[in-house]
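Comments concern the structure below.
Just so it is clear, the model here is predicted, and its values are computed rather than measured. Heavy-atom basis, side chains included; hydrogens, waters and symmetry copies ignored. Position 1 is the first residue of the sequence; numbering continues from there.
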Amino acid sequence: MGDPNSLILSLPCLLLTTLALLHYPTYSVAQTLFVFGDGYYDAGNKQFLSGNRVDANSPPYGISVGEATGRWSDGRIVPDYLAGFMSIPRIPPILRSSADFSHGASFAVADATVLGSPLETMTLSEQVKKFSRNKNKWTDKALSEAIYLTYIGSDDYLNYAKSNPNPSADQKQAFVDQVITSIEAAIKLVHEAGGRKFAFQNLPPLGCLPMVKQETGNEKDCVKLPSEMAALHNNNLLKLIEKLAQDLESFQYSFYDFFSSVQNRVFEPETYIFGTGTAACCGTGTLKGTDCAAKNVCVNPKEYVFFDGKHLTQEANFQVAHLMWNADPQVSEPNNLRELLVFPLDIPFIYNVKRLDQVGKTGSFVI
């Protein structure tokens with residue numbers, strides 16, 4: 001999303017959005033949040049599916065908030081902050097049967113994928129089916145006004161890159177097409193169940209994760225193939241969402257460019273008040289990319305972008321959540337979450353197709 005002309009192109013969109021909201025003063029604010037995804041969004045579901053010890057249930061996970069909560073970070077994750085911005089309680093994991101689900105539920109599980117997951121997790125399709133089976137917990141009004149937040153796909157492409165180190169352009173595109181087709185089916189199921197407001201966090205440059213760099217011996221440079229796959233995915237995901245906005249009734253969305261946010265913080269950490277965007281806070285190896293444990297955690301997680309070899313620190317999650325909530329169209333388009341929250345359901349949704357080829361373009365990342 002680095003096109004210098006993008007702000008100019010987006011001004012008509014912003015003006016039309018503002019006029020629409022002024023013309024329809026009676027709008028409602030969502031009080032419900034549904035979360036789908038993997039370990040970036042998991043609020044504790046993993047512990048209910050695993051027969052083994054779950055790392056996120058013990059320190060050093062949670063050290064910045066005083067206790068481990070099943071979240072894969074030193075503290076809070078993005079959905080926690082977004083719930084706070086919405087003035088609702090943090091959203092509980094759906095598998096905690098005793099939880100209060102009046103403001104939504106998290107279906108995200110660590111290690112989840114789109115096309116097929118290991119044991120002890122749920123694919124995106126399984127998460128959406130779980131949502132459909134439980135939708136009677138909420139009113140039709142709550143379902144239509146709710147925000148449906150999704151981040152998933154990292155493990156699909158990391159696993160693919162490991163198994164296919166030298167794929168052709170056609171092979172890469174074919175695999176991305178499979179992932180996108182499955183995501184499309186999941187989105188349509190949520191829409192059929194009453195969902196109207198969708199928020200998407202796209203994939204980061206996966207070759208820049210400490211775990212990936214350490215495993216491949218590229219301790220200085222990001223690994224090309226995983227980042228290429230992520231960029232290709234992001235471009236195709238946005239095309240899909242633009243199409244759904246035209247094809248599905250009252251389909252509204254916010255699309256956040258997580259790829260650029262991570263890329264910026266990896267290569268210019270000091271600009272974003274981090275000490276490093278290369279090594280993780282917790283782990284072993286040259287970049288602390290694996291085996292996060294209490295005996296090998298850093299003193300100050302706030303100085304790091306990554307907490308372990310794969311997941312963000314609380315501070316990085318805080319910055320990401322703010323960008324999703326309140327950033328301009330260069331970061332979240334065509335609206336940020338704050339705007340999506342109040343956009344009326346009974347008027348046409350405004351989106352900007354002119355910048356489609358500027359987002360998630362293969363080669364837009366720094367190697």
Would the distance check show the side chain of Gln47 and the main-chain N or O of Gly44 forming a donor-acceptor pair, the cut-off being under 3.5 Å?
yes
Donor-acceptor pair, side chain of Ser50 and main chain of Lys46, under 3.5 angstrom
no
Measuring only between side-chain heavy atoms, which start at C-beta, is Thr123 closer than 4.5 Å to Leu115?
no
Please state whether the sulfur gamma atoms of Cys298 and Cys282 sit closer than 2.5 Å to each other.
no
Scan the side chains in residues 299-309 for donor-acceptor partners under 3.5 Å anywhere in the protein, sequence neighbours excluded, and list what turns up.
from: Asn300; atom 1: OD1; to: Lys302; atom 2: N; distance (Å): 3.2
from: Asp308; atom 1: OD1; to: Lys310; atom 2: N; distance (Å): 3.0
from: Asp308; atom 1: OD1; to: His311; atom 2: N; distance (Å): 2.6
from: Asp308; atom 1: OD1; to: His311; atom 2: ND1; distance (Å): 3.2
from: Asp308; atom 1: OD2; to: Tyr61; atom 2: OH; distance (Å): 2.6
from: Asp308; atom 1: OD2; to: His311; atom 2: ND1; distance (Å): 3.0

Can a donor-acceptor pair be found, under 3.5 Å and without considering hydrogens, that links the side chain of Asn336 to the backbone of Ser332?
no
Would you say the side-chain atoms of Asn45 pair up with the backbone N or O of Ala108, donor to acceptor, closer than 3.5 Å?
yes
Treating Asn234 as the side-chain partner and Asn202 as the backbone partner, does any N or O pair qualify as donor plus acceptor under 3.5 Å?
no
Spatial distance of atom CG (Leu345) from atom NZ (Lys141) [nearest 0.5 Å]:
9.5 Å
With rounding to the nearest 0.5 Å, note down the distance linking CD1 in Ile187 to OG1 in Thr150.
7.0 Å
Inter-residue atom distance Ile94.CD1 - Met122.CE, 0.5 Å rounding
8.5 Å
Please find out if less than 6.0 Å separates the ring center of Tyr157 from that of His233.
yes
Asp42/Arg71 salt bridge by N-O under 4.0 Å criterion:
no
Distance-only donor-acceptor check, side chains Ser64 and Asp74, under 3.5 Å
yes
Within the distance-only criterion (no hydrogens, no angle test), does the side chain of Glu333 pair as donor or acceptor with the backbone N or O of Phe255 below 3.5 angstrom?
no
Smallest separation among heavy atoms of Ala68 and Ser58, with atom names
CB-N, 3.4 Å
Is there a side-chain contact (heavy atoms from CB on, under 4.5 Å) between Asn164 and Phe175 once you walk through the steps?
CA-CA 11 Å; Asn164 303 272; Phe175 184 76; over 6 Å; no
Evaluate the side-chain proximity of Ile152 to Phe36: yes if any heavy-atom separation is below 4.5 Å, no if none is.
no
Find out whether Gln171 and Ser168 are in side-chain contact, i.e. whether some heavy atom of one side chain is under 4.5 Å from a heavy atom of the other.
yes
Mind checking the CD-CD spacing from Gln246 to Glu242? Nearest 0.5 Å is all I need.
7.0 Å
Salt bridge or not between Lys188 and Glu184? Use side-chain N to carboxylate O under 4.0 Å.
yes
Contact between Ser106 and Pro92 at the side-chain level, heavy atoms closer than 4.5 Å - yes or no?
no
Does a side chain donor of either Lys239 or Asn236 reach within less than 3.5 Å of an acceptor in the other side chain?
no
What are the two closest heavy atoms between Ser154 and Pro204, and how far apart are they?
OG-CD, 4.2 Å
Heavy atoms of Leu49 and Thr121 approach each other most closely as CD1-CA, 3.8 Å
Can you confirm whether the side chains of Thr216 and Asn218 place a donor and an acceptor under 3.5 Å from each other?
yes
Which heavy atom of Phe101 sits nearest to which heavy atom of Pro93, and what is that distance?
CE2-O, 3.5 Å
What I want to find out is whether Lys162 reaches Glu215 closely enough, with some N-O distance under 4.0 Å, to be called a salt bridge.
yes
Cluster link Phe274 to Ile63, ILVMFWY, side chain under 4.5 Å
no
Plane angle bin for Phe200 and Phe251 - parallel if under 30°, tilted between 30 and 60°, otherwise perpendicular:
parallel
Tell me if the centroids of the rings in Tyr148 and Phe34 come within less than 6.0 Å of each other.
yes
Quick one: do Gln178 and Asp156 satisfy side-chain contact (heavy atoms from CB on, under 4.5 Å)? Show the steps, please.
CA-CA 11 Å; Gln178 291 180 56; Asp156 290 273; over 6 Å; no
Could you tell me the separation between the CZ atom of Phe267 and the OG1 atom of Thr278, rounded to the nearest 0.5 Å?
8.0 Å
Contact check, side chains of Asp111 and Asp38, non-hydrogen atoms, under 4.5 Å
no
Quick one: does Leu203's side chain get under 4.5 Å of Met229's, heavy atoms only?
no
Consider only side-chain N and O atoms of Ser73 and Tyr40, and report whether a donor and an acceptor are under 3.5 Å apart.
no
Can you see which heavy atom on Ser102 is nearest to which on Thr32, and at what distance?
O-OG1, 4.5 Å
Using side-chain heavy atoms (C-beta onward) and a distance below 4.5 Å, is Phe198 in contact with Ile241?
no
In this structure, would Tyr256 and Ile91 fall into the same cluster of hydrophobic residues linked by side-chain contacts under 4.5 Å?
yes
Rounded to the nearest 0.5 Å, how far apart are CD of Gln319 and OH of Tyr81?
10.0 Å
For Ile77, the rest of its hydrophobic cluster, which grows through side-chain links under 4.5 angstrom:
none
So does Gln31 get a backbone contact from the side chain of His103, meaning a donor-acceptor N/O pair under 3.5 Å?
yes
Look at atom CD of Glu270 and say whether more than 12 heavy atoms of other residues, nucleotides or ligands are closer to it than 6.0 Å.
yes
Between Val179 and Val176, is there a side-chain heavy-atom distance shorter than 4.5 Å?
no
Run the side-chain contact (heavy atoms from CB on, under 4.5 Å) check on Phe131 and Val190 step by step: do they pass?
CA-CA 8 Å; Phe131 161 74; Val190 173; 4.3 Å; yes
Shared hydrophobic cluster for Leu189 and Leu240 (ILVMFWY, side-chain gaps under 4.5 Å):
yes
Count I, L, V, M, F, W, Y as connected when their side-chain heavy atoms are under 4.5 Å apart, and connections chain through other members. Are Trp72 and Leu312 then in the same cluster?
no
Asn317 side-chain N/O to Arg76 backbone N/O, donor-acceptor pair under 3.5 Å:
yes
Using atom types as modelled and distance alone, determine if a side-chain donor or acceptor of Ser260 lies under 3.5 Å from a backbone N or O of Asp257.
no
Path from Tyr41 to Val54 over hydrophobic side-chain contacts below 4.5 Å:
no
All heavy atoms of Ser227 vs all of Gly207, minimum pair found to be OG-N, 3.0 Å
Would you call Glu126 and Lys130 a salt bridge, taking side-chain N to carboxylate O under 4.0 Å as the test?
no
Can you spot which of Glu339, Arg196, Lys197 makes a side chain to side chain donor-acceptor pair (under 3.5 Å) with Gln252?
Lys197
Quick one, Asn264 with Tyr272, criterion side-chain contact (heavy atoms from CB on, under 4.5 Å). Give me CA distance, side-chain angles, the key distance, then yes/no.
CA-CA 9 Å; Asn264 292 340; Tyr272 303 92; 3.4 Å; yes
So for atom CG, which belongs to Asn136, do other residues, nucleotides or ligands contribute more than 12 heavy atoms lying within a distance under 6.0 Å?
yes
Less than 4.0 Å between a side-chain N and a carboxylate O, is that true for Asp170 and Lys172?
no
For the pair Gln214 (side chain) and Glu219 (backbone), establish whether a donor and an acceptor sit closer than 3.5 Å, ignoring hydrogens and angles.
no
